[in-house]
Each structure stands twice: as structure tokens, then as C-alpha cells.
Novice: 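Please find one structure pasted underneath; my questions will follow.
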Amino acid sequence: MTFHSAKIEVAPATPAHPAARLPVLPRPGLEWTPEVEAATAHLYERVAKVIPPVEWPFHAPYVKAINDIKKTRNAVILAHNYQTPEIYHCVSDYIGDSLQLAKLAAQSDAEVIVQGGVYFMAETSKILNPHKTVLIPDAEAGCSLAASITAADIRALRREYPGVPIVAYVNTSAEVKAEVDICCTSSNAVKVVESLGADRVIMVPDRFLAQNVAAQTQVKIIAWHGACEVHELFTADEILGFKADHPGVKVIAHPECPREVVEVSDFSGSTAAMIDYVRNEKPKRVMLVTECSMADNVAAETKGTEFIRPCNFCPHMKRITLPKILDALLNVREEVVVDPAIAARARLSVQRMIDLG
């Protein structure tokens, strides 16, 4: 299934868009040579635990070319935690969740931002970086959560629940962000909900995140019916089965998982909190109940921890590849354009969250 955002488009090369001022760059050679091997050897060391040596000659020419062209283009690459290791560890400048990435990009001097993630993340980067050129290597990289709710749905909720504040997870489109009172992440959702001083709060679009927040607050949560197609597939029986088969394993679940999965896990937190748990607690065995590449990315930099991997695959994240990143940099393709009026209103809901600290 393909998900589209109404306000994301492939920008034409006309003076109306900043990208029109950027020249197309010549395509470099992409052969596996001794020079490429030497230039990327230090990067392969980062991913040797999760990328077999036989695969590296296919990745390395792209890795070198992308890292060289970034300098010419004055570009940075943002890599979400669900990107594959060769992107996450070898060509990215900033790594993290979608909001972390957008904020970090705003602090850089780069003129071009390449979003290693899905379309709502690219929109958020554009919202917080309105004067920079934001590219997404594949404009078809969607999200089941973001696709589950529209701006019209938010307006309908306003009519059904007059006066009740609406909180949107950052995993939503710019148009939805423009209609709500404030945004939240999985790590600050409880804080955001309680900051509103209301007895009832509407949370969109993830019903499981809403359920997990409701278990931690006295505020009544009215939930939307959306879900992440990666996290909703996990079940409590599955997790209990893995715990029985792997005694002593520490199970870490993302709050987008069903409530019953969180209840049988040892820890639940945002992607950043999950990574911090592994780094700080150093469990001998761990199971990350989330997207597959995140376990690979954490495993690549972790010593002494065995990763049990009952992960689920996100097909949308995997639309982003090294060849597509290179093509975006060379040809300035797939520019993200957000209507300025929508961007201004969406920026307010994001900024209200940021202002909470």
C-alpha cells in the first residue's frame, strides 16, 4: 500500500523553488576499488557485526560517493533509527527520532537536508527549516499512522468534542499538525497531556500510545483508531513465548505497541529511551520490540549484549536506500514543499511542545 501526503510533492526545477538554484552534479563512478575500500574501511568497522563482508563492496562505493557529495552540496543527511545500518552508521550526519532530527538540522549551517525516513518526517524538517531545501529520497515513503487521520478528521473531532484539547503525535502530516493544539512524542506524551490542565484530552492518531498514556495519568484520554503497522502486530503471547525460550532476556517495547505487550515487557520507552536502556543497563540478552533495523543499529555499536530479534519490518522506511540518497543529492529530486500557511500553523503546535522542555 502506498501512502501520500497532500502537501508533499516532487518540486519542479523552476525559480519558484530553492532547489532550482542548485545545479545537477555529475554521477561519480561506483566501482569497488582499492581506493574505495581504504576510504570506507573505518566505516565498515562500525557495521561489521551486522553487515557481512560479502555485502560491503556493494554498499561502499555509494557510501564514499554520498559522503563526498554532501560536502559539495553543503548537505546533511538525517537518519531515523529505523534506517538500515549502512545509512544510519555510514552516511548520516544526525541520527535519532523524527523530532530530534528536525531540531538538529535547524542548528546546522547546511543548505540542503536529506531526510532518511518517511514523508511526515520530511515535512517536519521543512516546517522547522522553512528556508532550507529538504529532500526525501523516495516521496512514496509513507506511514500507516500518518495516513490514518486527516485534517478533516481533526475538524470533525472539534465538532464532536467542543472545547476538548487535541494532542497530535509527531507521526502525523503537516496538515494535521496545523489543526491540533499541541504535538507530542512517545517520550513526552504524558507531560504534554497533563500540561493542558484539562480533564479530557483527545490523542491522535495512535490508539496504543493513547492507551499507554492513559495508564500513566488521571486525565481521561479519548483515542483515535490509528496504529503503526509495525508495532500493532506484536502480541503478549508472542513476547511471553520468547521470554520462556530465552530465560533472563530483557524485553523493551515501544509505546506504539498494544497495551498488553507493554504490560509483559520489562521496559517501555521511545526509540531514544530504548537505546539508552541498552547502553546504560548493558543487559546480557535483550529483545527490542520494534522495527528490525533499530535492533541492527543498536547491536552494531553494543558489546556484550545478545539481541533476540522478533522484529517487524517497515516497508516504508526501507524505501530509502543508498542509491536513492545519492540520486537525490546529485539531481536535487523529491523536494518537500509545505504550504506556508499550513507550515506556520503546524510550527505553532510543534513549538508549544518544544517550549515544555
Side-chain angles (χ1 to χ4, degrees), residues 25-98 100-101 103-105 107-117 121 125 135-137 271-272 274-280 282 286 288 291-307 309 311 317-330:
L25 299 176
R27 188 173 182 81
L30 295 170
E31 296 79 24
W32 171 244
T33 65
E35 178 191 6
V36 170
E37 183 177 13
T40 61
H42 67 292
L43 295 172
Y44 182 62
E45 290 178 4
R46 299 180 184 178
V47 295
K49 289 176 63 177
V50 293
I51 296 181
V54 70
E55 294 182 12
W56 186 242
F58 295 94
H59 296 311
Y62 285 96
V63 167
K64 183 179 185 303
I66 289 167
N67 286 330
D68 289 344
I69 292 165
K70 281 192 304 184
K71 300 171 186 175
T72 302
R73 190 64 89 189
N74 190 16
V76 291
I77 296 175
L78 314 183
H80 187 266
N81 295 314
Y82 298 164
Q83 290 293 282
T84 51
E86 68 275 10
I87 295 173
Y88 186 88
H89 286 291
C90 300
V91 301
S92 66
D93 298 282
Y94 301 110
I95 55 178
D97 65 29
S98 58
Q100 286 174 317
L101 295 175
K103 290 166 66 178
L104 288 168
Q107 298 168 14
S108 81
D109 295 327
E111 297 176 13
V112 177
I113 296 169
V114 180
Q115 187 78 46
M121 298 177 184
S125 290
L135 308 174
I136 186 164
T271 54
M274 296 170 80
I275 293 170
D276 287 343
Y277 181 97
V278 176
R279 288 173 176 166
N280 298 332
K282 298 179 174 58
V286 70
L288 302 186
E291 209 276 340
C292 297
S293 287
M294 182 164 158
D296 286 337
N297 291 328
V298 179
E301 60 181 46
T302 303
K303 295 181 180 180
T305 296
E306 177 188 0
F307 284 77
R309 304 186 187 186
C311 62
M317 282 285 182
K318 298 308 180 283
R319 295 186 74 97
I320 308 302
T321 63
L322 290 175
K324 290 178 182 178
I325 291 173
L326 177 61
D327 187 59
L329 281 168
L330 292 175

Novice: Test L326 against L30 for side chain to side chain contact (heavy atoms under 4.5 Å, CB included), laying out the working first.
Specialist: CA-CA 11 Å; L326 177 61; L30 295 170; 4.0 Å; yes
Novice: Just by distance, do the side chain of D296 and the backbone of P85 share a donor-acceptor pair under 3.5 Å?
Specialist: no
Novice: Indicate the atoms forming the closest heavy-atom contact of A300 with V50, along with that distance.
Specialist: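 Result for this residue pair: CB-CG2, 4.0 Å.
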Novice: With side chain to side chain contact (heavy atoms under 4.5 Å, CB included) as the test, would you mind laying out the steps for R279 and V298 before giving the verdict?
Specialist: CA-CA 9 Å; R279 288 173 176 166; V298 179; 5.9 Å; no
Novice: Within a strict 4.5 Å, meaning less than it, do heavy atoms of the Y88 and V47 side chains meet?
Specialist: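 SC-SC contact between Y88 and V47 ruled out.
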Novice: Taking it one step at a time, do Y62 and I325 satisfy side chain to side chain contact (heavy atoms under 4.5 Å, CB included)?
Specialist: CA-CA 9 Å; Y62 285 96; I325 291 173; over 6 Å; no
Novice: Does any part of the side chain of I275, heavy atoms only, come nearer than 4.5 Å to the side chain of M294, both counted from C-beta?
Specialist: yes
Novice: Could you check whether T302 and K49, counting side-chain N and O atoms only, form a donor-acceptor pair closer than 3.5 Å?
Specialist: no
Novice: Do the side chain of E55 and the main chain of P52 share a donor and acceptor less than 3.5 angstrom apart?
Specialist: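 Answer holds: no.
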Novice: Going by heavy atoms in the side chains, are I136 and M121 under 4.5 Å from each other?
Specialist: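 Sidechains of M121 and I136: no contact.
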Novice: If we only count heavy atoms from C-beta on, is the L135 to V112 side-chain gap below 4.5 Å?
Specialist: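 Sidechains of V112 and L135: in contact.
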Novice: How long is the straight-line distance from CG of L78 back to CG of L101, given to the nearest 0.5 Å?
Specialist: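 So the gap between those two atoms works out to 5.0 Å.
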Novice: Give me the atom names and distance for the closest heavy-atom approach of L288 to A295.
Specialist: CD1-CA, 3.9 Å
Novice: Any side-chain heavy atom of L322 sitting closer than 4.5 Å to one from V91?
Specialist: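 Yes - at least one pair of side-chain heavy atoms lies under 4.5 Å apart.
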Novice: Can you check side chain to side chain contact (heavy atoms under 4.5 Å, CB included) on K70 and V114, steps first, answer last?
Specialist: CA-CA 10 Å; K70 281 192 304 184; V114 180; over 6 Å; no
Novice: Between the side chains of T84 and E86, does any donor sit under 3.5 Å from an acceptor?
Specialist: yes
Novice: Quick check for you: to the nearest 0.5 Å, what is the distance between H80 atom NE2 and N297 atom CG?
Specialist: 10.5 Å
Novice: For a quick test of reading the model, state the closest non-hydrogen atom pair linking C90 to L43 and the distance between them.
Specialist: O-CD1, 3.7 Å
Novice: What's the separation between atom CG in D97 and atom NZ in K103, rounded to the nearest 0.5 Å?
Specialist: 9.0 Å
Novice: For the backbone of R319 and the side chain of K324, can you confirm whether one donor and one acceptor N or O come within less than 3.5 Å of each other?
Specialist: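 Yes; judged by distance alone, with no hydrogens or angles, the pair exists.
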Novice: CG of L104 to CD of Q100: how many Å apart, nearest 0.5 Å?
Specialist: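 Output value for this atom pair is 7.0 Å.
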Novice: Which heavy-atom pair separates L330 from P28 by the least distance, and what is that distance?
Specialist: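 Of all heavy-atom pairs spanning L330 and P28, the closest is CD1-CD, 4.0 Å.
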Novice: Any heavy-atom pair between the side chains of Y44 and V63 that's under 4.5 Å?
Specialist: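 No, every pair of side-chain atoms sits at 4.5 Å or beyond.
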Novice: With heavy-atom distances below 4.5 Å as the criterion, would you say the side chains of L25 and L329 are in contact?
Specialist: no
Novice: Can you find a pair of side-chain heavy atoms, one from Q83 and one from M317, that are under 4.5 Å apart?
Specialist: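 Yes. Closest side-chain heavy atoms under 4.5 Å.
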Novice: For the side chain of E291 and the backbone of S293, is there at least one donor-acceptor N/O pair under 3.5 Å apart?
Specialist: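 Side chain of E291 to backbone of S293: a pair is present.
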Novice: Rounded at 0.5 Å granularity, tell me how far CD in E45 sits from OG1 in T40.
Specialist: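 If we round to the nearest 0.5 Å, E45:CD and T40:OG1 are 10.5 Å apart.
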Novice: If you count every heavy atom of other residues, nucleotides or ligands that lies below 6.0 Å from E306 atom CD, does the total exceed 12?
Specialist: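 Yes, enclosed.
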Novice: How close do D93 and V76 get, heavy atom to heavy atom, and via which atoms?
Specialist: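 The pair with the smallest heavy-atom distance is OD2-CA, 3.3 Å.
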Novice: Which heavy atom in I87 sits nearest to a heavy atom in A79, and how many Å separate them?
Specialist: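 Shortest heavy-atom contact: CG2-CB, 4.3 Å.
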Novice: Atom CD in E301, atom NE2 in H89: separation rounded to 0.5 Å?
Specialist: 5.0 Å
